[in-house]
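See structure below.
Here, residue 1 is the first one in the sequence, and each next residue gets the next number.
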Amino acid sequence: MSVSCTLTLAMLARQTKNARLLALGVPIANRYDPYRVAEELAMIDVISNGRLEIGLVKASRSSWPCRI
């Protein structure tokens, strides 16, 4: 079962209060709409009160799993 990275991060932001949230290797260039990815990550940053840290990559293989 595959879960969206943003959905998992939103769940972790809701359930934790002090933990930093890391999303490493988030692909931007090969997505259909990179602005949507940026909006989703910005929303999670607001929900978590600024605890989100991200690492962006230009492209990746679609078979690579999302690392959280």
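Closest non-hydrogen pair, A13 versus I47, comes out as CB-CG2, 4.0 Å. Of all heavy-atom pairs between L9 and L41, the closest is CD1-CD2, 4.4 Å.
Interatomic distance, L52 CG to R20 CZ, rounded to the nearest 0.5 Å: 11.0 Å. How far CD1 of I54 is from CG of L21: 12.0 Å, rounded to the nearest 0.5 Å. The structure places CG of D45 at 9.5 Å from CD of E53, a figure rounded to the nearest 0.5 Å.
T16 and R51 form a side-chain donor-acceptor contact under 3.5 Å, judged by distance and modelled atom types alone.
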